[in-house]
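First up is the structure itself, then whatever we jot down about it.
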Amino acid sequence: MVCASSAFLGALVIGLQLHYHKIVQNEHFGYPDEWFPSVSATIGDRYPGRNVFQLLIALTCPSRLLLHALWYVLLSRAAPTRAKALFGIGFLRTITCGGWVYVTSSDDHDVHDVMMIAYMLLTLPYMLLLLKSGDKSPFTHNTKELVANRSRRKWVFLMFFGSIPPMIYFFISHKVHKVAGAYTSYAFFEWALIVFDVMFDSLAMVEFKALDLAVLPGKPDEQRE
């Protein structure tokens, strides 16, 4: 969560400080009609924001893969099919995230959009599977806390997918109807998806609150007589 938040926030701050007018500019309008940058323009168009973002987001990959592995271990006995599905979808979701992060809109707009759409489509089953899986955990015995956390997951899930229809509406207003300021409104909903996405994964801290990982030395071989 720290690396992911820092990556997006760092790129945004750098972009606003160094390239404000360039990253709010789009094919139809610029400042002052458009005054807030989209996620794609922030993370992919300009140095050094792009490089800082890509470096920090790369640091999130090990923790993301570890999280998928931990969910697999947690569910493998009680629900093996769900565990495999969650791990597979989570892994593909991580790959598609890398697709729209490292192939930016300025590199190849079509590939960037396809990877982002694939990521969002995979997010639906990913979140639904986690909503079904977060009511039990051997790493914490606080049932009330798990129930409260599941409720938080539901709200974040609803906010994430509730942001998509207005985002699409403002994107069409910008792209098709060429409405001034529509892309800025679109950008706010796009940033909201990032916030809700990071929030959803961060809630795993409750399920794995009491988990300790350690590397222990092996037992020495017994001496033969």
Are Leu131 and Leu158 in one and the same hydrophobic cluster, where Ile, Leu, Val, Met, Phe, Trp and Tyr link if side-chain heavy atoms are under 4.5 Å apart? yes
Hey, any chance Val198 and Leu55 share a hydrophobic cluster, counting ILVMFWY side chains that come within less than 4.5 Å of each other, even indirectly? no
Taking the hydrophobic residues Ile, Leu, Val, Met, Phe, Trp and Tyr, and joining any pair whose side-chain heavy atoms are under 4.5 Å apart, which ones share a cluster with Leu18? Ile14, Val52, Leu56, Leu59
Sequence neighbours left out, cut at 3.5 Å: what donor-acceptor pairs do the side chains of residues 109-130 make with other protein atoms?
unit_1, atom_1, unit_2, atom_2, d
His109, ND1, Asp113, OD2, 2.9
His112, ND1, Trp100, O, 2.9
His112, ND1, Val103, O, 3.0
His112, NE2, Ser40, OG, 3.0
Tyr119, OH, Arg64, NH2, 3.2
Tyr119, OH, Arg93, NH2, 3.2
Tyr119, OH, Asp197, OD2, 2.4
Thr123, OG1, Arg93, NE, 3.0
Thr123, OG1, Tyr119, O, 2.7
Tyr126, OH, Asp201, OD1, 3.0

Can you name the residues that form a salt bridge (charged side-chain N to carboxylate O under 4.0 Å, His left out) with Lys175, not counting sequence neighbours? Glu27
Is there side-chain contact between Phe8 and Ile57, with at least one heavy-atom pair below 4.5 Å? yes
Considering all heavy atoms, the nearest His68-Thr94 contact: NE2-OG1, 3.2 Å
Ser5 side chain to Val2 main-chain N or O, any donor-acceptor pair under 3.5 Å? no
Check whether Trp155 reaches the backbone of Arg150 with its side chain - one donor and one acceptor, N or O, closer than 3.5 Å. no
Which residues satisfy the side-chain contact (heavy atoms from CB on, under 4.5 Å) test with Arg50, sequence neighbours excluded? Gln54, Thr104, Ser106, Asp107
Looking at residues at least two apart in the chain, or sitting in another chain, which of them share a ring-ring contact (aromatic ring centres under 6.0 Å, His included) with Phe200? none
Please identify each residue that fulfils side-chain contact (heavy atoms from CB on, under 4.5 Å) with Ala180, with sequence neighbours left out. Phe29, Asp33
According to a 4.5 Å side-chain heavy-atom criterion applied to Ile, Leu, Val, Met, Phe, Trp and Tyr, with indirect links allowed, do Phe157 and Ile164 form part of one hydrophobic cluster? yes
Who are the side chain to side chain donor-acceptor pair (under 3.5 Å) partners of Thr184, not counting sequence neighbours? Glu34
Nearest 0.5 Å please: distance from the CE atom of Met159 over to the CG atom of Leu193. 11.5 Å
Sorted by chain and residue number, the side-chain contact (heavy atoms from CB on, under 4.5 Å) partners of His21 (sequence neighbours excluded) come out as Tyr31
Connected-component partners of Val13 among ILVMFWY, side-chain separation under 4.5 Å: Leu9
On a heavy-atom basis, which atom in Ser163 and which in Phe196 lie closest, and how many Å separate them? OG-CE1, 3.5 Å
Give a yes or no on whether the backbone of Cys3 and the side-chain of Ser6 come within a donor-acceptor separation of less than 3.5 Å. no
Pro37 versus Trp191, closest heavy-atom pair with distance: O-NE1, 3.0 Å
Can you list the steps and then say if Phe36 with Val24 is a side-chain contact (heavy atoms from CB on, under 4.5 Å)? CA-CA 6 Å; Phe36 198 78; Val24 300; 5.6 Å; no
Taking all non-hydrogen atoms of both residues into account, name the closest pair between Ala4 and Thr60 and its distance. N-CG2, 3.4 Å
Donor-acceptor pair, side chain of His19 and main chain of Tyr47, under 3.5 angstrom: yes
Do the side chain of Ser38 and the main chain of Ala41 share a donor and acceptor less than 3.5 angstrom apart? yes
Roughly how far, to the nearest 0.5 Å, is the CG atom of Leu75 from the CG atom of Leu70? 11.0 Å
Hydrophobic cluster membership, Ile168 vs Phe161, 4.5 Å side-chain cutoff: yes
side-chain contact (heavy atoms from CB on, under 4.5 Å) assessment of Val101 paired with Phe53: CA-CA 9 Å; Val101 164; Phe53 171 79; 3.5 Å; yes
Do Ser63 and Leu67 make a side-chain contact, defined as non-hydrogen atoms from C-beta onward lying under 4.5 Å apart? no
Could you check whether any side-chain heavy atom of Leu86 comes within less than 4.5 Å of a side-chain heavy atom of Phe91, counting everything from C-beta outward? no
What residues, two or more places apart in sequence or in another chain, satisfy side chain to side chain donor-acceptor pair (under 3.5 Å) together with Ser105? none
Return the set of residues passing ring-ring contact (aromatic ring centres under 6.0 Å, His included) with Trp35 (not counting sequence neighbours), or none when no residue passes. Phe188
Has Arg46 got a side-chain atom pairing as donor or acceptor with Lys22's backbone, closer than 3.5 angstrom? no
Shortest non-hydrogen contact from Trp71 toward Ala204: NE1-CB, 4.3 Å
Looking at Ala58 and Tyr102, what are the two nearest heavy atoms and their distance? CB-OH, 3.3 Å
Under the ring-ring contact (aromatic ring centres under 6.0 Å, His included) rule, collect the residues that match up with Tyr183, sequence neighbours excluded. His174, Tyr186
Distance in Å, Lys84 NZ paired with Tyr72 OH, rounded so as to fall on 0.5 Å steps: 5.5 Å
